Every structure is written in structure tokens, then in C-alpha cells.
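Let me begin by presenting the structure, written as C-alpha cells, before commenting on it.
First the proteins, then the strands, lettered A, B, ... as listed; each starts at 1. This structure is a prediction, so every number in the text was calculated from the model and none was measured. Side chains are part of it too, since the values below use all heavy atoms of this structure and drop only hydrogens, waters and symmetry mates.
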Amino acid sequence: MIYKVISKPEFRKFIDVLVRENTSFGPRQVDTAANGNPVYQFMPVASADEIEFDYTATASSAKHFFLPFRDELSRFSFHDRTFEQHIAYESEPVVLIGLRPCDISALNILDDVLLNGRYPSPYYLAKRKNTFVIGMDHLPLPDCFCKSLAHHTVSTGFNLFCSDIGEKYYLSINSSKAFTYLEEFQTEEPSYEDNCLMTQRRKLISGSFRTEVDVTSLPSILDIEFESPVWDKWGAKCLNCGTCAMVCPTCYCYSVDERFDIDLKGASRNRQLYSCNLVDFAVVAGGHNFRPKNGDRLKYRYYHQHRGFAENANQQICVGCNRCGRACLTGINPKAVINDLRMEKESCMTCVSPSPDRT
Amino acid sequence: MKLDCSIDIHHLTRVEGHGNIHIRVEQGQLVEAKWAVVETPRFFEVMVKGMSAERVPFLTSRICGICSISHALASIRSLERAMQVTPPPAAEAVRLLAMHGETLQSHALHLFFLAAPDFAGTPSVLPLMQSHPELVKAGLDLKELGNEISTVTTGRCTHPVSLVVGGLSKAPDKDRLKFLLDMIGERKSALGLACDFFASLAIPQFERETEFISLHNGVSYPFIGGDLRSTDGVLRDENDYLLMTNEYLAEPSTSKFTRCSRESSAAGALARFNNNSAFLHPEARKAAEHLGLRPVCHNPFMCNIAQLVECVHILNDAETLIAKLIDMDLREIRTQFTPKAGCATGAVEAPRGILYHYMETDNEGRVVKADCIIPTTQNNANIHYDLGALARQALEEGKNDREIEKLATMLVRSYDPCISCSVH
Amino acid sequence: MHDMRFTIPRQDLNREAFASSVPDFNLKSDLMKTDMGYKCRITNIVSLTEQEKLFRLRIVDPEERRIFRFKPGQFIMLELPGFGDVPISISSSNSNHEYIELCIRKAGHVTSALFRIEPGMHLAIRGPFGSSFPVDEMAGHHVLLIAGGLGIAPLRAPLFWINEHRDRFRDVHLLYGAKEPSQLLFSYQFDEWKTISHIRLHTIVEHADAEWKGNTGMITELFGDISIDTKNTYAIVCGPPVMFKFVCSYLDRLGIPMNRMFVSLERRMHCGMGKCCRCMVGSTFTCIDGPVFDYWSVMNLKEAI
Amino acid sequence: MNQQGMHFEKLKIASFDFTCCEGCQLQFANRESSLPAFFELLDVRAFREISSEKHDDFDMAFVEGSISRSDEIERLQSIRKQAKILVAFGTCACFGGVNSLKNRIPIEESVVEVYGEHPVETLPVQKISDIVQVDLSIPGCPVAKEEVERIVVSLVTGSKVNLPKYPVCVECKQQLNTCMFDLGEICLGSITRAGCNAVCTSGKTPCLGCRGPAEDINFPAFTELVKERGLSENDLREKLGFYNAFEAYRTDET
Ligand SMILES: Cc1cc2nc3c(=O)[nH]c(=O)nc-3n(C[C@H](O)[C@H](O)[C@H](O)COP(=O)(O)OP(=O)(O)OC[C@H]3O[C@@H](n4cnc5c(N)ncnc54)[C@H](O)[C@@H]3O)c2cc1C
Ligand code: SF4
Ligand code: SF4
Ligand code: SF4
């Protein structure tokens with residue numbers, strides 16, 4: 001890693017050149033919510049002016065740039081009794097600007113899942129390799145809890161990371177590509193003062209978290225609480241709408257379907273991001289549903305986020321961005337659910353009645 | 001031998017909705033010629049009662065699967081006028097473009113799917129896909145363009161989603177507008193091909209003097225709002241639509257009939273042309289010339305040609321309009337409003353002619369009374385009387401029953417009736 | 001100024017380069033698992049019953065045929081282009097490198113389409129995937145093979161293995177139950193198994209017909225017929241979940257250690273690679289951690305049965 | 001048609017309309033670029049709106065519209081007799097659609113309101129399945145042509161015909177739309193079957209549920225959320241009743 005500082009106007013110039021030359025996405029305000037809050041999303045940008053450098057957090061994560069919501073995996077073309085299968089792993093180069101530390105951590109987790117397992121995914125790899133990621137730090141929103149999962153800072157997984165130290169950005173350069181591009185712009189070695197400002201910035205961010213979720217020993221708590229009434233309580237609220245999984249930066253479960261082309265001369269094999277909260281996720285041939293109840297399905301999402309993966313790589317895959325909590329119509333969020341489970345556990349230990357209504 | 005025949009067409013094909021033709025000839029004399037609309041009534045004027053203004057366009061657009069944008073806009077216009085809401089100019093421009101998309105789509109559907117088979121002597125467009133692939137492709141290209149314009153402007157080609165009282169719920173995407181511009185450029189050749197094809201057809205020669213009624217604003221070819229004008233010289237305010245229509249029941253039809261200065265009148269592409277040809281795009285005027293259409297034309301079969309001329313106008317006008325929209329700031333597209341009591345008429349030129357929605361609202365913006373008069377309703381009487389005149393002329397020309405039947409069905413189709421719409 | 005256009009050279013992204021960029025990525029056979037299937041020709045189809053057919057598939061490309069190797073108990077994803085892919089256990093001997101056999105029940109949409117195809121057609125397989133029966137560890141012991149209904153399909157691979165290495169095993173019992181006599185699959189091989197391979201075959205049906213002279217009832221009733229040295233026995237149980245629940249708890253009571261009983265689990269699957277998560281049971285992927293599990297693991301999986 | 005060694009037959013279809021706007025049938029003629037290929041899959045035996053040809057030997061009937069007159073009931077029953085597969089095509093056919101709004105008012109009043117002293121025959125609106133057995137439902141106001149294409153291809157090839165079981169929110173989130181609830185509106189997306197590509201919410205208008213309930217919806221949690229957010233219950237009632245698609249869930253309260 002190489003560290004530099006750059007003045008804000010110069011940084012804008014750099015971004016401007018970069019986005020004008022490449023297909024780029026950055027945070028833009030797409031709406032104003034009824035409560036007056038701006039709503040941001042990663043949207044196409046063609047100049048630095050279109051980017052909201054001081055945005056808070058996007059409503060949906062950047063996951064779909066790497067795992068499209070719908071993606072053609074392969075094509076078949078038919079000839080008489082046989083067929084050809086075609087696969088294209090290529091992907092167009094993309095610049096992504098303004099990812100938060102939690103977003104980048106999420107990409108690192110997806111790397112683990114999709115690249116380091118027994119069967120690395122070439123589709124994902126192609127996109128990951130062909131995406132230039134520029135991260136930016138920010139002050140947490142009141143409900144962010146990435147610090148609880150130690151994802152409020154990030155040291156890998158990006159090409160360039162910018163920390164706002166007032167007049168300048170403090171740059172962490174993590175790829176030769178980023179380094180070469182920046183050579184054309186005026187950057188400086190960080191001075192002692194810059195380094196102090198950077199430390200202050202870190203402290204400020206770290207000290208600004210207002211939400212904390214105790215995730216210690218969560219995997220085993222989840223295991224023990226498999227039959228907990230907490231799942232019925234939250235299950236009763238869950239609409240099985242899948243919103244949480246769609247906006248989440250790490251939910252990656254998918255479904256595959258195959259379709260004939262309309263002229264029947266070919267077919268496509270497609271992947272669609274799915275969610276364990278959706279009603280038919282665990283249905284098998286003959287119609288048997290292994291998870292018939294709302295609570296069962298909701299539980300599985302929490303299992304996958306906070307326990308499932310723990311056994312494989314000893315880390316939870318939730319990064320604490322609380323996008324799911326913000327997006328959930330009925331107010332289901334990790335903090336509330338996890339706290340409930342903890343209470344449940346503790347109440348059992350002290351032989352207090354395990355009332356699910358207590359929060 | 002004098003002709004004796006009885007033509008009974010139950011549920012005429014290749015028109016929208018259910019209509020019947022009865023023609024009876026005894027001893028070479030026409031005894032009866034009747035146009036009857038037997039569509040199931042749906043009672044939209046009842047359904048809309050009590051509904052909040054913001055929901056109304058979503059309901060009224062369901063009056064018709066072909067001209068849903070016109071219905072939505074007629075309702076919106078009447079409600080905006082009733083509650084004194086002024087939509088932002090950008091929204092007005094997008095609405096006009098949406099009308100262009102719908103008209104193009106509807107005209108292409110009529111010309112190629114419904115009318116062309118008559119001239120080619122096939123039961124439907126499907127055999128033409130094999131025998132006249134380029135022609136069908138041209139038709140499909142134009143129809144697709146129309147649908148694409150509607151989709152970009154209103155979110156969907158049938159039953160718009162973003163047309164709301166006060167403006168638009170969402171502005172069209174500029175990249176998609178640019179794409180439309182390219183598409184129009186590409187598809188002009190399809191239009192040329194269509195013009196050459198229709199110019200080569202033998203359009204039946206038949207005239208019956210008719211009063212043509214359409215909107216008129218004195219500055220442009222009319223689509224949304226304006227005065228009501230007839231070729232007989234009547235000119236009225238939009239709100240006086242009742243005086244222009246004088247609806248009456250003609251059993252057994254479930255659709256009503258209308259009249260103005262004569263026993264019947266006509267609306268539609270030909271009426272618009274007859275009243276407003278001066279405001280057509282120069283290219284469209286050229287096309288009219290090429291196709292032998294001149295105002296005031298009293299041959300209802302020329303409706304087809306008038307539609308084609310309008311397609312030329314639309315393609316050219318849409319180009320200008322889109323270029324303008326691309327340069328506009330499209331963020332201001334919706335005026336917030338406070339519901340209030342009021343009443344007004346909203347008139348638009350739907351593909352088949354002038355469409356009136358009249359609405360009365362209460363203090364909460366709920367509809368308390370509604371009235372819709374549909375273009376096909378305004379054409380019913382004219383179709384009816386035309387049928388008689390046509391049959392009489394055909395008998396004089398010594399035509400046989402099959403020929404009369406064919407002419408009669410072609411005549412009705414030229415009006416491009418939208419029957420379920422008329423029995424809303 | 002540098003060219004700020006940011007691209008990665010195309011060749012970086014083709015398969016060869018991709019493979020070399022990921023350590024331990026054995027190019028051909030691993031890619032054959034993930035996306036590109038082995039193209040196979042159907043050489044033969046046998047109707048076993050109205051609901052089950054035995055398909056014989058031969059990998060078209062000789063080089064690919066050489067690469068494709070599997071272990072008893074593993075499954076493949078069978079791809080019928082346009083219709084979809086389904087997980088199917090390999091039902092033939094793993095020492096046979098000429099073809100593989102799949103015994104398929106018409107259960108839904110892809111399997112029904114498979115029932116309409118004819119020999120000569122091409123389709124594709126991806127795999128092999130999943131865990132296998134520990135046939136080496138089982139050597140020197142008695143073996144109980146217990147199949148219910150279609151459960152005989154995944155059992156055929158270990159059965160072939162045992163037949164081919166018969167001298168390594170002590171007593172081998174095959175307990176096989178079906179709903180009706182006509183649903184006992186592979187009855188044409190029963191004699192061969194009994195006489196040539198010295199396998200003690202016990203069959204039972206739930207509903208007898210006029211010709212049926214054998215046992216009737218549930219599969220657990222067959223245990224009365226056999227005496228086993230539970231300390232030195234391995235068991236493989238394949239069949240519907242209810243069956244192995246009963247059978248395994250029975251064997252548990254008889255004293256067979258839980259880690260010597262093996263079952264094969266079924267879940268919905270799309271990828272076979274532990275990516276789509278459709279087959280997750282607790283924190284376990286049926287496709288990569290299974291489908292073969294010992295009974296101890298199954299007992300510890302929530303929602304497994 | 002032979003493909004991949006399998007033989008596929010064209011579908012012998014007929015299309016019929018009842019009380020409706022014919023917008024769904026019109027979708028047959030949309031998506032122009034794939035239209036020639038689409039009609040290659042069909043043997044159109046009767047389709048009054050686009051063809052003068054009429055034969056009675058169809059296997060599959062697409063029935064559009066709801067039922068509101070006695071002659072319609074007879075016509076529908078005779079179609080049912082002929083059709084091997086009867087498809088309820090569009091929201092009006094599947095649920096009654098907007099036409100059902102008429103049922104709020106006594107029939108006689110409606111007739112007088114519109115036709116004065118010249119009465120016409122009309123019945124309370126019914127959906128197709130109230131009268132005859134329906135084999136396949138394709139909801140949507142109008143139906144999504146892309147989905148229709150997919151279903152037709154599936155029927156021809158004998159592959160699975162399926163509508164999504166999950167609700168519109170999934171597709172809405174995939175389009176990165178801002179949730180209508182965040183914009184202060186009640187949206188039925190979370191209880192409505194997906195498949196429309198969230199076309200309404202993508203145009204920033206709330207979902208009115210034209211595709212009917214998704215599988216196994218949590219209706220109580222949904223109404224609770226509307227209450228909790230202090231949104232208008234009148235508005236909720238108007239939306240739930242718009243297409244008559246949530247008839248089974250509505251209580252006096254909603
Ligand atoms: C490891 C394993 C081995 C199997 N071995 C065999 C075998 O040897 N012979 C045999 O006949 N069947 C076997 N099955 C079951 C077989 O996979 C299902 O019957 C088949 O997937 C049903 O697909 P369908 O499209 O016909 O049914 P549909 O009900 O139409 O299923 C649609 C999709 O759901 C998924 N799905 C549904 N049910 C199952 C299921 N039970 N298991 C996995 N995916 C499912 C598939 O992805 C399928 O494409 C096995 C299943 C697993 C998991
Ligand atoms: S938790 Fe919330 S967002 Fe997720 S499926 Fe349930 S209701 Fe939808
Ligand atoms: S589970 Fe929720 S908080 Fe955790 S990463 Fe996903 S969206 Fe963010
Ligand atoms: S706008 Fe409607 S469909 Fe979209 S997420 Fe919100 S509730 Fe769901």
C-alpha cells in the first residue's frame with residue numbers, strides 16, 4: 001500500500017477524467033424520502049459533478065455489479081440431435097466510486113465464498129478483476145453497526161481508498177493501476193500533520209457509532225436457539241418479500257432456470273439472485289417444502305449471515321451495514337433480532353420465563 | 001334477376017369489440033341497413049364514483065386496451081381543470097409525445113393487422129407474414145416504434161403507469177429518449193414503404209356528405225385539449241361537449257349514438273385531417289398529396305389514408321419534440337395539488353377521434369360524477385347511415401351479395417371502431 | 001497523459017488464464033464441473049417401470065472420457081439444454097470408464113422431459129460432485145446395504161464396487177423394499193448378485209400381488225431374518241427420509257455405531273458447487289459436504305430429515 | 001417442429017374476450033421483433049380481434065375478460081367444452097379486474113345511472129373460475145407479453161410453466177427503485193405476485209396488485225404495517241379493491 005494526499009479539487013479532476021473515459025457508477029441522489037432524507041444509489045455517472053461525494057449510504061449495495069440480479073450463464077444452440085454450449089466469462093470494465101468500508105469488506109467476503117472455495121466462479125472473477133474500486137470513508141449513520149463486526153475499516157479489496165481529512169483526501173493506493181493513473185495528478189506524500197489528521201479521522205469515525213450489536217459467540221447461540229420462539233415472533237412480521245436479501249451486500253444465494261429461445265433454436269441458462277426468505281426456496285420435487293413457515297425462512301437468512309459461514313471460514317458474512325434493517329417494511333433488523341436471541345438465551349440461563357415479547 | 005339478400009354479420013372480426021352488421025335487400029331494394037353494437041356494458045361512470053383523483057387515470061385507462069393513454073390523459077385533463085392544477089411544461093411535452101406513441105401504435109395496428117388483409121384478400125395478417133414479409137416488417141417496425149415511445153414516456157405501452165394528475169410520476173430517461181430519436185431515424189424508411197403500398201391500393205370510391213368533428217387550436221395539429229370544431233362550421237368550447245354530441249340511445253346497441261348538426265357526424269383521423277390539415281408537418285402534407293387525400297374528403301374509406309398521413313406527421317413531430325425534451329430540465333415534472341371540488345371536461349384526440357371525459361370532484365378530490373363520450377360512440381351513427389348509402393350505391397352498380405358484404409365490412413373497419421371502448 | 005481507459009486485456013479472462021490465476025485449479029476437469037458440461041451421447045435407455053428408466057450415457061470426447069472419474073455415492077448434474085439440470089446419483093460402476101448409468105424417476109419437469117428423449121441424442125453432465133461412501137474404510141467388515149424404492153439407484157455404485165472387490169468384504173446383505181413387486185428395480189440382476197457375488201438378498205414389498213411369494217411389510221421387518229455382528233458392520237441406507245429415519249434408529253439400537261451408518265440426503269440443488277445455497281441444511285451443503293453423510297452428522301443437522 | 005431430436009407441436013389456440021378492454025389480447029400483437037417467431041409456435045384457430053378465420057378445433061383457449069351477462073356464461077361454457085386447456089388470460093379473467101368495482105353498487109342503480117330508462121342486461125361481475133374450471137391463470141393488467149411468450153414456449157416444448165411465487169418487491173429492489181412506502185405511499189408490492197418486472201413502482205406509482213396475491217402471503221403483517229406507519233386505511237381499501245384480487249383476504253376492516 002502506498003499513501004498519498006490529494007487536494008479535493010485535484011481529486012475531483014482525477015475522478016472526472018476517470019469517469020469520462022470509462023463506464024462508471026457512483027452515488028447519486030435518486031429521491032427524497034417522505035421524511036426528508038435523501039435516497040442514494042450507485043448510478044451511472046459521466047462526470048464528477050454527477051457524483052455526491054458527501055453521500056451517506058446507498059439504499060442498495062454494490063453487489064449486483066459483481067453478481068447481477070439476473071445473468072445469463074451459458075447459451076445453447078441446437079443442431080439436430082446435438083447442441084453447442086457457449087460460455088462467455090468476459091465482462092466490460094467498470095469503475096465504481098464511493099464504496100464504503102463495509103461495502104468493500106462485503107466484496108472481500110464474496111471473494112472468499114466465490115473464489116476461494118472448491119469451485120471458484122469464473123463469472124464473478126471476471127467482474128471482480130475488471131472493476132476498479134474506489135472506496136471512501138464516512139461518518140456512520142445512527143443505525144450502522146459495522147464496527148461491531150470490525151468492518152468499519154478495510155485494508156484490502158479496493159484499488160484506491162480515500163479518507164476525508166478536511167481540505168484533502170488521504171489516499172491509500174492499493175493497485176498499480178491506481179498508482180499510474182494518479183501519477184498524472186498532483187498528489188503529495190502525507191505530512192506529519194496529514195497523518196495526525198488521518199488518525200483523528202479514524203478516531204472520530206470509530207467513536208461515532210451509536211448502534212452496537214454483540215455478535216460474540218453468535219454462531220453457538222444461534223445453534224442452541226434453533227427452536228427459539230424468537231423466530232416465531234419475527235417470522236410473524238416477515239412478509240417473505242426478499243427485500244433484505246436483495247439490498248444486502250453479501251446475500252448471494254441464487255436460483256437457476258433454463259429457457260428456450262422463442263424460435264426454439266437455442267436456449268439460455270440463467271442465474272437469478274434469490275433469497276432464503278422467499279417462500280419456495282426450499283421446495284423440492286413433488287412440492288415438499290423443507291421450510292414451510294415464515295419464521296423458518298427468516299431464521300435461515302440469519303443463519304446464513306451470522307452462523308452458516310462461520311463453520312467454513314470462521315467469519316460471519318454480515319458486514320453490519322444495516323441496509324436490510326432500513327429496507328425492511330416491517331422493521332425486522334439484525335440488531336433487534338440478535339438482541340432478542342441473546343435475551344432469550346440469558347433468560348433461559350436465569351430460568352426466567354422465555355417470553356418472546358420482551359425486547 | 002333482382003337481388004334478394006340478407007347479410008348478417010355477427011361479431012365482426014378484426015375490430016376491437018363486438019359489433020354486428022345487418023343488411024337486407026329485397027327485389028333489388030334496400031330494406032334495412034343497420035349497425036348494432038352488442039358489447040357488454042362495463043359501467044365505468046359508475047365504477048369511478050368515489051374514487052380518489054390520483055387513482056382515476058389508472059381506472060379509466062382500462063376502458064380501452066388500445067388507447068389507454070388517451071383515456072388516462074382525458075381523465076387527467078378533466079381533473080386538472082376541475083381542480084385548477086397546472087402541470088409543468090415538461091410534463092405537457094412528455095404527454096404529447098406519449099399521445100404520439102399511442103397514435104402511431106394504434107394506426108399501425110389498424111393499417112397492417114386489421115385493414116391490410118382486406119386489400120390483400122387474406123383473412124388475417126398471418127398469411128401476409130409469409131407472402132409480404134417486407135410490408136409486414138414495415139408495419140411491425142412502426143408499431144414497435146409507437147410502443148417504444150409509449151413505454152419510454154409512460155412506463156408501459158398498454159395502460160400507462162406514470163401519467164398522473166399534476167404531471168408525471170416519473171420523467172423519461174434521457175438516454176432512452178436519445179435511443180428513440182435514433183429509432184425514429186431508422187424507421188422512416190418503413191413509413192415510406194407503407195406509403196407506397198397504400199398508394200398502390202384501389203380504395204373503394206364512395207362518398208356521403210358528412211359533418212366531421214375534431215379538436216382545433218389554431219396553432220398545431222391537435223391532440224390534447226382545444227376547441228371543438230366541425231366542418232359544418234360549428235365551433236364550441238371544450239366544456240360544451242354535450243352540445244357537440246347530443247348522445248342518444250339506439251336500441252339494440254349498448255353503445256350510444258350521437259349527432260351534431262345533421263343526422264350523424266364523424267370523428268377520427270379523417271375528421272382531424274379535414275379540420276386541421278394546415279397544421280400538419282410539411283412532410284405529412286406531402287404524403288397526403290402523394291396519397292390523393294385532400295380536405296374536405298367525404299370518403300370514409302380514406303380514413304385509412306388519413307391515419308397513414310398522421311403517422312408521417314407523428315414521426316416528424318416526435319423527432320422535434322424529443323430533441324426539445326432532451327434539452328429540457330426534466331426534474332420539474334409534477335405539480336403537487338390540494339384536492340378540491342370542481343368540474344370540467346377533458347378532451348383529447350384519441351387515435352379514433354375526439355374523446356371526452358367529464359368529471360366532478362368533491363372537496364377531497366373524489367369523483368362524484370363522471371361522463372365519458374368515446375370516439376366510436378360518435379361514429380356509430382355515421383357508420384350506420386354510411387352502411388345504407390353504401391349498400392344503395394353498390395346495388396346501383398350491380399354488385400352481388402358477397403361484394404356488398406365485403407364492402408360493408410371494409411367500411412366499418414375503415415372507421416377503426418373501438419367497440420369495447422364505446423361501451424365502457 | 002496515461003490512457004485512463006481502464007481495461008484488463010481480454011486474454012486475462014479466458015479460461016486458461018483464469019485457471020492459472022487461481023491456485024490448485026485443475027483446469028479441465030474442474031471447469032467441467034462448474035459450467036461447461038461433458039457432452040454425452042445417450043447410447044441406451046431401458047424402461048424399468050412406468051416411473052423409472054435407466055439411461056446409459058457415453059462421454060463423446062475421448063479425452064474428456066479419460067478425465068471423468070467418480071467415486072461410489074457421488075452424483076452429477078444432468079443437463080438437458082432448454083429444460084434444466086437435475087442432480088442424479090451415478091448408478092454404475094466407477095471402474096467402468098466407457099459409460100455411466102443413471103436411474104431416473106419421473107418426478108417433475110426436467111425428469112419428465114428426459115422421459116421423452118431417445119437414444120442417440122446428446123446431453124451434458126457436470127461433475128462429479130459430493131461426498132462418497134467410504135468403501136475403502138468398509139473393507140474387512142460386514143456390510144448392510146439397505147434400499148427403499150429408488151434408493152437402489154445410488155446404492156448400485158457401492159454394490160458394483162463390492163461385487164468387483166468381493167474378497168475384501170465379509171458378509172454382505174442387501175435389504176431391498178418397494179411398494180409393490182413390480183417396483184422392485186433391477187430384478188433381472190438379482191440372480192447375478194446372489195450367485196456370482198454371494199450377496200444375501202432380502203426383498204420385501206408393502207403390497208403383494210397374486211404372484212408375489214416373498215415377504216410383505218415394512219423394510220424393518222427384514223431385520224428379523226438376518227443376524228449381524230453389529231460391532232463389525234457398516235451400513236448404507238438409501239431411500240426416502242422417513243425410511244432412513246426408522247432404519248437408522250433401529251440399527252442404532254442394534255448397536256451399529258452412528259459413524260458407520262451412511263445415508264444419502266436429497267435437497268433442491270442448482271449448482272452442485274456450494275454456491276447457490278439451495279441445498280443448505282443448517283450450515284452444511286448437501287452438494288459438497290454431502291450427499292453422503294454418516295448418521296452422526298445427520299443427527300446433528302437441524303432440519304435434515 | 002423438430003428440435004434436439006424431440007418433436008414439438010404447434011399449439012392450436014383460440015382467443016376469446018368477454019367483459020374487458022381487450023388490452024390483454026392486444027399483447028399477442030406486441031413485442032413486434034419476436035412476433036413472427038411467436039406466431040410460428042401457434043396455430044391460430046380463432047381470434048376475432050385479429051383474424052376473420054374461425055375454426056372450432058382448438059386445444060387451448062385464452063379467455064380474456066370477466067363475466068357480466070348471461071350470454072357470456074353460455075359462450076364461456078361452450079368454450080370450456082371444446083378446450084383441453086382453458087387459460088384465464090389477464091386480471092379481469094383471473095380476478096374480475098377493475099370491472100368488479102361495479103359490484104359495490106346495486107345493479108339497478110348502475111343501469112339507471114348510465115342508461116336511464118332504457119335498461120340493458122347486466123349481472124354482477126364474476127371471474128372465469130366462478131363459472132368454469134380454469135387450467136392455467138396468467139394474471140396482469142395487462143398481461144406481460146414477455147411472460148406470455150415464455151409460457152407459450154414452455155407449453156410447446158413441454159417444459160415447466162411457472163409464475164414467480166415471490167412478491168413484486170424482489171423485482172422492485174432489483175430495479176433499485178425507491179420503496180413507495182419511503183415516499184409515503186401504500187404499495188401492494190409485498191403481497192402481490194411478481195412477474196411484471198415491477199413496472200408500476202419503476203414508474204413511481206404504487207403497485208395495485210393486478211397480478212393477485214403471491215404465494216403464502218403474510219396479509220396480517222401487511223395491514224399492520226400500514227397502520228403502524230399511519231397511512232390512510234381508506235387508501236388501503238381502495239387499492240386492495242382496485243382489481244378485486246385480494247377478495248379472499250379482505251375483512252370488514254380492510
Ligand atoms: C444428490 C442427489 C441425488 C439424486 N439422485 C437421483 C437419482 O439417482 N435418480 C432420480 O430419479 N432422482 C435423483 N435425485 C432426485 C432428483 O434430482 C429430482 O427428482 C429432480 O431434481 C427433480 O427435478 P424435476 O425438474 O423433474 O422436478 P421439479 O419438481 O420440476 O423440480 C424443479 C427443479 O427443482 C430442483 N429439485 C426439485 N426436487 C429436487 C430434489 N429432490 N433434489 C434436488 N433438486 C430438486 C431441481 O433443480 C429441478 O430442476 C437426486 C437428488 C439429489 C439431491
Ligand atoms: S425480513 Fe423484512 S425485508 Fe426481509 S423478507 Fe422479511 S419483511 Fe421482507
Ligand atoms: S445482513 Fe443486513 S446488515 Fe448484514 S450485511 Fe446484509 S444488509 Fe447489511
Ligand atoms: S415500492 Fe412496493 S414493490 Fe417496491 S419494495 Fe416497496 S413495497 Fe415492495
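- Expressed to the nearest 0.5 Å, how far SG of Cys244(A) lies from NZ of Lys173(D) amounts to 11.0 Å.
- Rounding to the nearest 0.5 Å gives a distance of 9.0 Å between CG of Leu225(D) and SG of Cys328(A).
- We find that Asp182(D) and Arg326(A) are not joined by a salt bridge, their nearest charged nitrogen and carboxylate oxygen being 4.0 Å or further apart.
- To the nearest 0.5 angstrom, Asp257(A) atom CG is 8.0 Å from Asn162(D) atom CG.
- If you tally non-hydrogen atom pairs under 4.5 Å between each of Met43(A), Gln41(A), His64(A), Arg259(A) and chain D, the highest count goes to Arg259(A).
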Review point. What's the verdict on side-chain contact (heavy atoms from CB on, under 4.5 Å) for Glu40(D) and Asp263(A), showing C-alpha distance, side-chain angles and the deciding distance?
Key: CA-CA 8 Å; Glu40(D) 276 300 304; Asp263(A) 59 8; over 6 Å; no
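- Counting all heavy atoms, side chain and backbone alike, Thr178(D) lies closest to Val39(A) at OG1-CG1, 3.7 Å.
- Proximity to chain D (any heavy atom under 4.5 Å) is restricted, for Ala236(A), to the backbone atoms N, CA, C and O.
- Residue Leu183(D) touches chain A through both its backbone and its side chain, counting heavy-atom pairs closer than 4.5 Å.
- Only the backbone of Thr32(A) has a heavy atom closer than 4.5 Å to any heavy atom of chain D.
- In this structure, CD on Glu149(D) lies 3.5 Å from CD1 on Ile262(A), to the nearest 0.5 angstrom.
- In this structure, Gln174(D) and Gln272(A) have side chains that are in contact, with non-hydrogen atoms separated by less than 4.5 Å.
- Counting heavy atoms from C-beta outward, Leu329(A) and Glu228(D) have side chains that stay 4.5 Å or more apart.
- In this structure the side chain of Asn240(A) never reaches within 4.5 angstrom of the side chain of Tyr166(D), judged on heavy atoms.
- In this structure, Lys165(D) NZ and Leu278(A) CG are separated by 11.5 Å, a value rounded to the nearest 0.5 Å.
- Between chain A and the residues Ser34(D), Ala37(D), Pro36(D), the largest count of heavy-atom pairs under 4.5 Å involves Ala37(D).
- Under a 4.0 Å N-O distance rule, the pair Lys204(D)/Asp31(A) qualifies as a salt bridge.
- Atoms CG and SG, on Leu239(A) and Cys169(D) in that order, are 7.5 Å from each other to the nearest 0.5 Å.
- Residues Leu176(D) and Phe69(A) are in side-chain contact: their nearest non-hydrogen atoms beyond the backbone lie under 4.5 Å apart.
- In terms of heavy-atom proximity, Pro167(D) sits nearest to Cys241(A) at CG-CA, 3.6 Å.
- For Phe76(A), no part sits under 4.5 Å from any heavy atom of chain D, backbone or side chain.
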